[in-house]
Amino acid sequence: MKEVILIKNGELALKGLNRSTFENMMMTDIRRRIEKCGKFSVTSSQSTVTVSPEDGSADIRSAYENIMRVFGIAAVCRCAVCEKDMDSICRTAEEYLKDRLTRAETFKVEAKRADKRFPLKSPQICENAGEYILNAFPGIRVDVHNPDVTVHVEIREREAYIHAGLEPGAGGMPAGSNGRALLLLSGGIDSPVAGWMMAKRGVSITAVHFMSPPYTGERAKMKVESLCRKLAGFCGRVRLYEVGFTEIQERLRDSCPEEIFTVLMRRLMMKVASQIAEKAHCKALITGESIGQVASQTMDALVCTDAAVSMPVFRPLIGMDKEEIVRIARKIDTFDTSILPYEDCCTVFTPKHPKTRPVLADVIRAEEEAGDWAQMIIDAADGAAVAEYSCF
Ligand code: ATP
Ligand code: MG
C-alpha cells in the first residue's frame, strides 16, 4: 500500500508574504533530515507539505520520526494513498486502519473534498464509508462526538488520502528563520533546555562551554559534548566553543572579595561569551537562568550579570519553576546526561556565603580593582577549541 506523510505548517500560515520563505526553510530542513532515510519527494500546496517515497529504498517510519523533530511543523500524519473511488477508499480504510478499528468501540468518518468534481459530497462520502466500516468491524458503533477513532478521507486532485488524524509536530518556527545566538552551555539541566527553547523559535544555536582544568575534568567536558549532540538532533548543527577559564577563575579567587566571587565570575563569562559571539556571528547570548533559583540568579545578581555586556541576553527559562524545566529536559532527552555528577566550573571556588543582593556600582569597582581583564578576556576567547556536531 502506498503511504505518504502529510505536514501542516504552524504559524507559517500567518506570516503573509514571508510565508513562502519560511515554508522553504522548513522544507529544506525536512529534506536534509530525511536524506538518510531513502529517496523521497517533498512538495507543497495549500499550506500542506507532502513527503512521498520515490522508490523501495524509502523508509517511511524513520522519515516520520525525523520529521517529528523539525521546527515549524504544527501537525503531521502518515496516510495511505488510493484511487479516487469509493470502493478503493473503503477497502483502503479497512486495511490501513485495521488495528485501530479492531481495538475501537466507536468511530466516525470525516471527509474533505479538495476536488469538487468528485461525484459524492462530503456527507455522502462519510455515510458510504461509515456503512462499510460498520459491516467490516462487528461490534463497532458510530459516535460523532467522541469517537475512539476518526477515519479521515481527503479527496485530492489526483488521489484519495486515508488517515486517522494529525499528531502535534515539534511546533515553533523553522530552523534558521530567526538569526543566530550563542548559548552558554553548562553541563546542568537548565541551559540545554534554554537552547532548545530558542531553537524552537527558529534561532540557530552556537554553544560556548567554560571549563577549568584541572578543577574540572575530562568527563565534564564529554558530558557537554554529548549534550551538544542531543541539541544537534533538534537544531541540525551545533558548533561548540570550549573555553579554558582556569586563569580567570584563579585570578578572581586571589583578588576579589569572596562574597561577590560568583557574580564577578558570571560577568567575566558573559564578557568572554560576547567576544566569541562577535566572532561567531551571533547577535545575542542565551543562558539557562531562572529568577531566584540560586544566589547568582536573584534580581540584583542578574542586574549585575546583565550589565557586563551590551549584547542582548535571552533567558527563556526566567519565569519557569525547576519542575517545569525538568519536564522539558526529559522530553528532549537531555535530563539523564545533565544529572551525571561531574564538576562544573561554576562549582569551583564557590563562596560559602554569596551576596544575594550585590550592588552594581560596588561590583564594577571590585572588578576593576581585581585586575586588568581586557587581555585575559581576549586570550580566553581566542584560545577556545572548536568542535562541530551535526545530525545530518
Ligand atoms: P544549568 O543547569 O544550566 O547549569 P544552573 O541552575 O546550574 O544552570 P548556574 O550554574 O548559575 O545555574 O548557571 C547559570 C547559567 O550560566 C547556565 O544556565 C548557563 O547558561 C551558564 N553557565 C553556567 N556554567 C557554565 C559553563 N561552565 N559554561 C557555559 N555556560 C555556563
Ligand atoms: Mg550549572
On a heavy-atom basis, which atom in P316 and which in I286 lie closest, and how many Å separate them?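 Minimum heavy-atom separation between P316 and I286: CD-CG2, 4.0 Å.
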SB check [X] [Y] (cutoff 4.0 Å):
{"X": "K2", "Y": "E159", "value": "yes"}
{"X": "K108", "Y": "D143", "value": "no"}
{"X": "R266", "Y": "E289", "value": "yes"}
{"X": "R100", "Y": "D148", "value": "no"}
{"X": "D115", "Y": "R158", "value": "no"}
{"X": "R61", "Y": "D59", "value": "no"}
{"X": "E23", "Y": "R19", "value": "yes"}
{"X": "K230", "Y": "D336", "value": "no"}

For salt bridge (charged side-chain N to carboxylate O under 4.0 Å, His left out), just list the numbers for R91 and E95, CA-CA rounded to whole Å, side-chain angles, deciding distance to a tenth of an Å, and then say yes or no. CA-CA 6 Å; R91 279 187 289 108; E95 192 188 328; over 6 Å; no
Non-hydrogen side-chain atoms of [X] and [Y] separated by less than 4.5 Å:
{"X": "M86", "Y": "C90", "value": "yes"}
{"X": "Q293", "Y": "I325", "value": "yes"}
{"X": "S44", "Y": "T50", "value": "no"}
{"X": "F71", "Y": "W196", "value": "yes"}
{"X": "S290", "Y": "I318", "value": "no"}
{"X": "V42", "Y": "I7", "value": "no"}
{"X": "I155", "Y": "I89", "value": "yes"}
{"X": "F137", "Y": "T102", "value": "yes"}

Quick one: does [X]'s side chain have a donor or acceptor within less than 3.5 Å of a partner on [Y]'s backbone?
{"X": "K84", "Y": "R156", "result": "yes"}
{"X": "D306", "Y": "L302", "result": "no"}
{"X": "E324", "Y": "D321", "result": "yes"}
{"X": "D362", "Y": "P358", "result": "no"}
{"X": "T106", "Y": "R141", "result": "no"}
{"X": "R180", "Y": "V203", "result": "no"}
{"X": "T287", "Y": "R315", "result": "no"}
{"X": "H209", "Y": "L185", "result": "yes"}
{"X": "S296", "Y": "V263", "result": "no"}

Heavy-atom count around [X] [atom1] within 6.0 Å, excluding the residue itself: above 12?
{"X": "M222", "atom1": "CE", "value": "no"}
{"X": "K322", "atom1": "NZ", "value": "yes"}
{"X": "K36", "atom1": "NZ", "value": "yes"}
{"X": "Q124", "atom1": "CD", "value": "yes"}
{"X": "K283", "atom1": "NZ", "value": "no"}
{"X": "R219", "atom1": "CZ", "value": "no"}
{"X": "E131", "atom1": "CD", "value": "no"}
{"X": "M299", "atom1": "CE", "value": "no"}

Please name all residues satisfying ring pair (Phe, Tyr, Trp, His ring centres under 6.0 Å) with F349, sequence neighbours left out, ordered by chain then number.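 Here the qualifying residues are Y215.
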Are [X] and [Y] in one and the same hydrophobic cluster, where Ile, Leu, Val, Met, Phe, Trp and Tyr link if side-chain heavy atoms are under 4.5 Å apart?
{"X": "V76", "Y": "V149", "result": "no"}
{"X": "V49", "Y": "V4", "result": "no"}
{"X": "V272", "Y": "F314", "result": "no"}
{"X": "M198", "Y": "V309", "result": "no"}
{"X": "V313", "Y": "L182", "result": "yes"}

Give me the other members of the hydrophobic cluster that L360 sits in, counting Ile, Leu, Val, Met, Phe, Trp and Tyr linked by side-chain heavy atoms under 4.5 Å, directly or via other members.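 I364, all in the cluster of L360.
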Just verifying a value: how many Å separate [X] [atom1] and [Y] [atom2], rounded to the nearest 0.5 Å?
{"X": "E369", "Y": "C256", "atom1": "CD", "atom2": "SG", "value": "11.0 Å"}
{"X": "E54", "Y": "K39", "atom1": "CD", "atom2": "NZ", "value": "5.5 Å"}
{"X": "L252", "Y": "T262", "atom1": "CG", "atom2": "OG1", "value": "9.5 Å"}
{"X": "M270", "Y": "I377", "atom1": "CE", "atom2": "CD1", "value": "12.5 Å"}
{"X": "C235", "Y": "I205", "atom1": "SG", "atom2": "CD1", "value": "5.5 Å"}

Knowing that exactly one of M269, R267, Q275 qualifies, which makes a side-chain contact (heavy atoms from CB on, under 4.5 Å) with K271?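 Among M269, R267, Q275, the one meeting side-chain contact (heavy atoms from CB on, under 4.5 Å) with K271 is R267.
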May I ask you to check whether [X] and [Y] show a side-chain donor-acceptor distance below 3.5 Å?
{"X": "T150", "Y": "E110", "answer": "no"}
{"X": "E3", "Y": "Y161", "answer": "no"}
{"X": "T298", "Y": "T356", "answer": "no"}

Measure the acute angle between the ring planes of H163 and H152, then classify it against the limits of 30° and 60° as parallel, tilted or perpendicular.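 Judged by the thresholds at 30° and 60°, the geometry between H163 and H152 is parallel.
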Answer yes or no on whether R330 is positioned over the face of F335, meaning its NZ or CZ is under 6.0 Å from the six-membered ring centre and within 45° of the axis.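 So R330 does make the cation-pi contact.
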Can you confirm if the NZ or CZ of R251 lies within 45° of the ring axis of W373 and under 6.0 Å from the centre of its six-membered ring?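 Yes; both conditions hold, so R251 lies above the ring face of W373.
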In sequence, state the C-alpha distance, the side-chain angles, and the governing distance for Q375 and D379, and then conclude on side chain to side chain donor-acceptor pair (under 3.5 Å). CA-CA 6 Å; Q375 195 56 44; D379 290 347; 3.0 Å; yes
Quick one, R33 with E65, criterion salt bridge (charged side-chain N to carboxylate O under 4.0 Å, His left out). Give me CA distance, side-chain angles, the key distance, then yes/no. CA-CA 10 Å; R33 275 165 192 270; E65 275 167 22; over 6 Å; no
Which is it for E167 and Y64 under the side chain to side chain donor-acceptor pair (under 3.5 Å) test, yes or no, and what are the steps along the way? CA-CA 11 Å; E167 266 193 280; Y64 190 76; 2.6 Å; yes
Hey, mind stepping through T21 and N24 against side chain to side chain donor-acceptor pair (under 3.5 Å) and telling me if it holds? CA-CA 5 Å; T21 317; N24 285 336; over 6 Å; no
For the pair T216 and K221, evaluate side chain to side chain donor-acceptor pair (under 3.5 Å) and give the outcome as yes or no after the intermediate values. CA-CA 8 Å; T216 62; K221 188 175 146 193; over 6 Å; no
